[in-house]
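First up is the structure itself, then whatever we jot down about it.
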Amino acid sequence: LGRKRMPLITPYAGAIHVLGGEVEEPGKLGWSTASHWRSVDGAKWEQLPDMPFIRSSGGAVEYHGLLLVLGGNSGNTTNGGERIRHNDVWAWDGKNWHQQIEHAPWPPMMWIDVVVYDDKVWVLAGRKSDEPLPGGDSSGAWWSADAGKTWTFVQAPWPTTHADGVTATEMDGIVMAGGNGIGTKT
């Protein structure tokens, strides 16, 4: 796997998948990658063919038999590099990658919060620009019931934020914790 910053990590089809991320070498610009690794035990890793796109600091979830990659960055974030944010969705069926949508209605974002809840994929927040907080963060939420092809906006009760801890359960619903919003923490 090598040393990486901000890879996308998700379970899919009984294995842990590590996607993209920035190669990190102290004192040098990091660069986002298209690498794809999986492990069934966390000790032995298998390198899969690269994704057809470069990505770091995006979201990844398993949904209806697909591994989805949402948004993220294809530039670099270390040592003053250029950030290139995306609002696309890609799906992997275990063999092939397909782009679900090139430009979703949510802003191009990195450090994106993504979760599956109520049989929908949710995009909850993210960093849309380098503008100081709170302007550079996103507010609102979007959900998709068709693996990222179409999206519905929902007004969110939390302040603008990014890089949150997010999970969902049937009992508790969607839970966000430890956000980077200004003033109020989510």
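Keep in mind it's a predicted model, so treat the numbers as computed, not measured.
- Using a 30° and 60° split on the angle between ring planes, Trp90 and Phe53 fall in the parallel class, below 30°.
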Open item on the list: Walk me through whether Val61 and Leu67 qualify under side-chain contact (heavy atoms from CB on, under 4.5 Å).
Closed with: CA-CA 6 Å; Val61 293; Leu67 188 160; over 6 Å; no
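- Counting all heavy atoms, side chain and backbone alike, Leu66 lies closest to Gln100 at CD1-NE2, 4.4 Å.
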Open item on the list: side-chain contact (heavy atoms from CB on, under 4.5 Å) for Trp122 and Val116? Distances and angles first, verdict last.
Closed with: CA-CA 6 Å; Trp122 291 80; Val116 174; over 6 Å; no
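- Remark: Tyr12 OH to Glu62 CD distance equals 6.5 Å, nearest 0.5 Å.
- For the atom pair CD1 (Ile84) and CZ (Arg55), the distance works out to 10.0 Å, reported to the nearest 0.5 Å.
- In the model, Lys4 has a side-chain atom that pairs as donor or acceptor with a side-chain atom of Thr33 under 3.5 Å.
- A salt bridge links Asp118 to Lys120: at least one charged side-chain nitrogen sits closer than 4.0 Å to a carboxylate oxygen.
- Of all the heavy atoms in Tyr63 and Asp146, the pair that sits closest is OH-N, 4.2 Å.
- Note: His86 NE2 to Ser74 OG = 2.5 Å, rounded to the nearest 0.5 Å.
- When only modelled atom types and interatomic distance are considered, His64 and Asp119 share a side-chain donor-acceptor pair under 3.5 Å.
- Across His36 and Asp50, no two heavy atoms sit closer than the pair N-OD1, 4.4 Å.
- Residues Val89 and Gln99 fail the side-chain proximity criterion, which asks for heavy atoms closer than 4.5 Å.
- Between Arg127 and Asp113, none of the side-chain N atoms (NZ, or NE/NH1/NH2) sits under 4.0 Å from a carboxylate O, so this pair counts as no salt bridge.
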- [ ] Evaluate the ring pair (Phe, Tyr, Trp, His ring centres under 6.0 Å) criterion for residues Trp143 and Phe153: first the C-alpha distance (whole Å), next the side-chain angles of each, then the deciding distance (0.1 Å), finally the verdict.
- [x] CA-CA 7 Å; Trp143 60 263; Phe153 175 77; over 10 Å; no
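- Between the CD atom in Glu22 and the OG atom in Ser32 there is a gap of 4.5 Å [rounded to 0.5 Å].
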Open item on the list: Evaluate Leu48 against Arg38 for side-chain contact (heavy atoms from CB on, under 4.5 Å), listing each step before the verdict.
Closed with: CA-CA 7 Å; Leu48 300 172; Arg38 77 174 160 204; 3.6 Å; yes
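- Linking ILVMFWY side-chain heavy atoms closer than 4.5 Å, directly or via other members, places Met109 and Leu68 in a single hydrophobic cluster.
- Residues Ile101 and Asp88 fail the side-chain proximity criterion, which asks for heavy atoms closer than 4.5 Å.
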Open item on the list: Leu124 vs Val115, test: side-chain contact (heavy atoms from CB on, under 4.5 Å). Steps then yes/no.
Closed with: CA-CA 8 Å; Leu124 304 172; Val115 69; 3.9 Å; yes
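- Put simply, CG on Leu70 and CH2 on Trp142 are 12.5 Å apart, with the number rounded to the nearest 0.5 Å.
- The aromatic ring centroids of Trp151 and Trp106 lie less than 6.0 Å from each other.
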TODO: Walk me through it: do Trp92 and His98 pass the test ring pair (Phe, Tyr, Trp, His ring centres under 6.0 Å)?
DONE: CA-CA 6 Å; Trp92 188 60; His98 303 280; over 10 Å; no
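- Interatomic distance, Tyr117 OH to Asp172 CG, rounded to the nearest 0.5 Å: 9.0 Å.
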